[in-house]
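Sequence lines set the chain letters: A, B, ... in the order given, protein chains first and strands last, and positions in each chain run from 1.
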Amino acid sequence: MDTLNYLGQGFGVALTPYNLVTALTGTLIGTVVGLLPGLGPINGVALLIPIAFALGLPPESALILLAAVYLGCEYGGRISSILLNIPGEASTVMTTLDGYPMARQGLAGVALSLSAWSSFIGAFIATCGMVLFAPLLAKWAIAFGPAEYFVLMVFAIVCLGGMAGDRPLKTFIAALIGLFLSSVGIDANSGVYRFTGDSVHLADGIQFVVLVLGLFSVSEILLMLEKTHRGQEAVQATGRMMFNFKEAASVFVVNLRCGVLGFIMGVLPGAGATLASAVAYMTEKRIAGASGTFGQGDKRGLAAPETAIGGAACGALVPMLTLGVPGSGTTAVMIGALSLYNITPGPLLFQQQPDIVWGLIASLFVANIMLVILNIPMIRVFTRILAVPNWALVPVIAIITGIGVYAVHATTFDLFLMTGIGIFGYILRKLDFPLSPVLLGFILGGLMEQNLRRALSISNGALEILWSSPITFGCWILTAIMLVMLLLRIWRRRAAQRRAVADV
Amino acid sequence: MLTLQRIFAAVLLLVCIGLALMAWPYQAAFSYEPVGPRAFPLLMLGLMGLALLYMVFRPVPIVHSEDEPQLDRETLQKIGICVVLLRVFAGTFEPLGFILSSILIGVPMARLYGGRWVPSVVIICLMAIGLYLLFDKLMDVPLPLGLLDVLEN
């Protein structure tokens, strides 16, 4: 019952007029940012961190703003996938499969509102799951010492590679780059300057916002140069804007199933929204069998990935809030934001600052409802934004990115660093490296090193501490299983390829 | 593309070795813990080195999506110009001030993405001033005025 009390308290925080306005502003900004090509949830949230700080928002409002922007971005990405058939980001690829055909059939408004509704149900289920499990996990996590944390993070990174699918090696390399980059700067324990090359600006380490904006915004700007021509026209959203009861009822079971699936996938480190939406779509397609018109505008095909994304987005907050270990790129950004406010997420957060945790959870509800409501009057405005040509958009994105970077430390060194990181990010992207593991590695790196050193200080240098307790041992076993599964999958694919070659 | 990947992996491997050499002398002047400042970076560089070594010998072909055009000389040139513009932006941000430097790089960038002269100039100028007012005046993010400092007083 305690948790219900806390949740009520959270709604008290989220429903104050100030925070409601914050959430509304956040969803609006987020939707526009998500709509624009080249800006996604990760850089949208990262851009707002220094600004929220400069505005002097109290921590819970800042967090609500970021969460609202995040949800808004996801929603904005949906608009461009449904109306333009261009997925705003990896997780919305599945949405285009049935959303765009629906829009072509004149059901654009229905598709948009139904997707918002599905996402709301997904988030609702995940939030219920979070209310149930997060306090339990937080209680359990208090037993975690530095050694356990270190092993847990190793597990998270191996998971990231294991779940990433077709390119585990590149995912590992990307994560290792991030882990390494986190060690640049002055070492807090010994005062040794590491990899700074005698530059004063690097003594503080690479700023998180600079890394994010360089990797994601600048590389995207360069990538967009390749596609100056865009043949697709946005489908006009006319006619009925809202789905009716029958349509909602027809996908309700799908919503429930995919919401639970999304939540579980979201909690697992490394899986995240992209995988959740793909698995949800495939599962529903199989369940529907011959009766489905998947790929030609089936409502279930639209509802399944959207519910899963909504569930996974909220599920990903569970490991972040309870353990302080982010499981996805966006939660990594949120940890970066929290650390600016000197808040360390982890088991103690639930006891020490329940206002922040439960206020955030409650504001996720509020922001989701706002998105469903906003959809109806604003959709025409949003579709007009889609018509802004790239030549007007890209310079503005570049300039705003510059402002975001400059706002952190007010040095132009960061701007140069951002350009450099951007070029590196562009090369990585061209060579098919995933970028969000770099980010995750960067956030986990500092924590991992600290915990490793603390653990070995406790044991006075004896390595046994890393596997002697039951929790650490269990984590190692899970890590080993993950690696074996990964190797098995690679081996099977190799065998299949060889067979294919032999058949030809 | 395979050779490109090999070259990239090899270069990154060399960078790793260089950084590892750089990290080798990192030692705490005065140590009270068993793990020093160089262990973690060296561990990461070592693992990365192993992975890169594997990539040099067994690169995985990249699966391209259909809508991705091949890189040609013209696009590469454009990317080069764009990078230079971003560098110029970084260099002139403080001396020229936010408004002038964003106009200076914004207009050529808009041209690069296919805008025509007049609309580019008009929109970028308006945007630069608008963004300055929005961020500096409304949102309290201090931006340098640079050469336009005289206008302030």
Donor-acceptor contact present, side-chain B:Tyr132 to main-chain B:Lys137, <3.5 Å: no

Minimal non-hydrogen separation, A:Ala174 against A:Pro437, with atom names: CB-CB, 4.0 Å

Nearest heavy-atom neighbours spanning A:Ala398 and B:Phe89: O-CE2, 4.3 Å

Heavy-atom pair count under 4.5 Å with chain B, highest-scoring of A:Val405, A:Val192, A:Asn460: A:Val192

All salt bridge (Lys or Arg N to Asp or Glu O under 4.0 Å) counterparts of A:Arg194, not counting sequence neighbours: A:Asp187, A:Glu449

Donor-acceptor pair, side chain of A:Lys430 and main chain of A:Gly425, under 3.5 angstrom: no

Contacting moiety of B:Pro119, where chain A heavy atoms sit under 4.5 Å: both

Contact winner vs chain B - A:Ser459, A:Gly445, A:Ala392, A:Ala407, heavy-atom pairs under 4.5 Å: A:Gly445

Nearest atoms (heavy-atom pairs only) where A:Leu223 meets A:Tyr426: CD1-CE1, 3.5 Å

Per-residue contact mode, A:Val218 against chain B (heavy atom under 4.5 angstrom): side chain

Heavy-atom proximity to chain B below 4.5 Å, by part of A:Tyr193: backbone

Closest non-hydrogen atom pair between A:Leu466 and A:Val151, with its separation: O-CG2, 3.5 Å

Contact class of B:Met48 relative to chain A, heavy atoms under 4.5 angstrom: both

Minimum-distance pair of heavy atoms, taken over all atoms of A:Val209 and A:Ala46: CG1-O, 3.9 Å

Heavy-atom proximity to chain B below 4.5 Å, by part of A:Ile423: side chain

Residues A:Phe180, A:Phe442; criterion ring pair (Phe, Tyr, Trp, His ring centres under 6.0 Å); working and verdict: CA-CA 7 Å; A:Phe180 167 74; A:Phe442 187 73; over 10 Å; no

A:Asn451 side chain vs A:Leu447 backbone, donor-acceptor pair below 3.5 Å: yes

Contacting region of A:Ile177 [heavy-atom separation from chain B under 4.5 Å]: both

For the student: nearest non-hydrogen atoms of A:Phe172 and A:Ile157, plus distance: CE2-O, 3.9 Å

Among the listed options B:Arg87, B:Met44, B:Met55, B:Arg116, the residue most often paired with chain A at heavy-atom distances under 4.5 Å: B:Arg87

Cation-pi, B:Trp24 ring and B:Arg38 (6.0 angstrom, 45 degrees): yes

Chain A neighbours within residues 98-106 of chain B, where any heavy atom lies under 4.5 Å away: B:Phe98, B:Ser102, B:Gly106

Residue among B:Leu43, B:Leu45, B:Ile123, B:Ile124 with most heavy-atom pairs under 4.5 Å to chain A: B:Leu45

Atom group of B:Leu50 that falls short of 4.5 Å from chain A, counting heavy atoms: neither

Chain B contact via A:Ala410 - which portion, at a heavy-atom distance below 4.5 Å: backbone

A:Leu169 versus chain B, the contacting section by heavy-atom distance below 4.5 Å: side chain

Results of side chain to side chain donor-acceptor pair (under 3.5 Å) for B:Glu94 - residues two or more places apart only: A:Tyr406

By side-chain contact (heavy atoms from CB on, under 4.5 Å) - contacts of A:Leu487 (at least two apart): none

Pick from A:Thr411, A:Ile399, A:Leu452 with the largest number of heavy-atom pairs that fall under 4.5 Å of chain B: A:Ile399

Top contributor to chain B interface from A:Val394, A:Leu428, A:Leu179, A:Val396 [non-hydrogen pairs under 4.5 Å]: A:Val394

Among the listed options A:Asp414, A:Ile403, A:Leu222, the residue most often paired with chain B at heavy-atom distances under 4.5 Å: A:Ile403

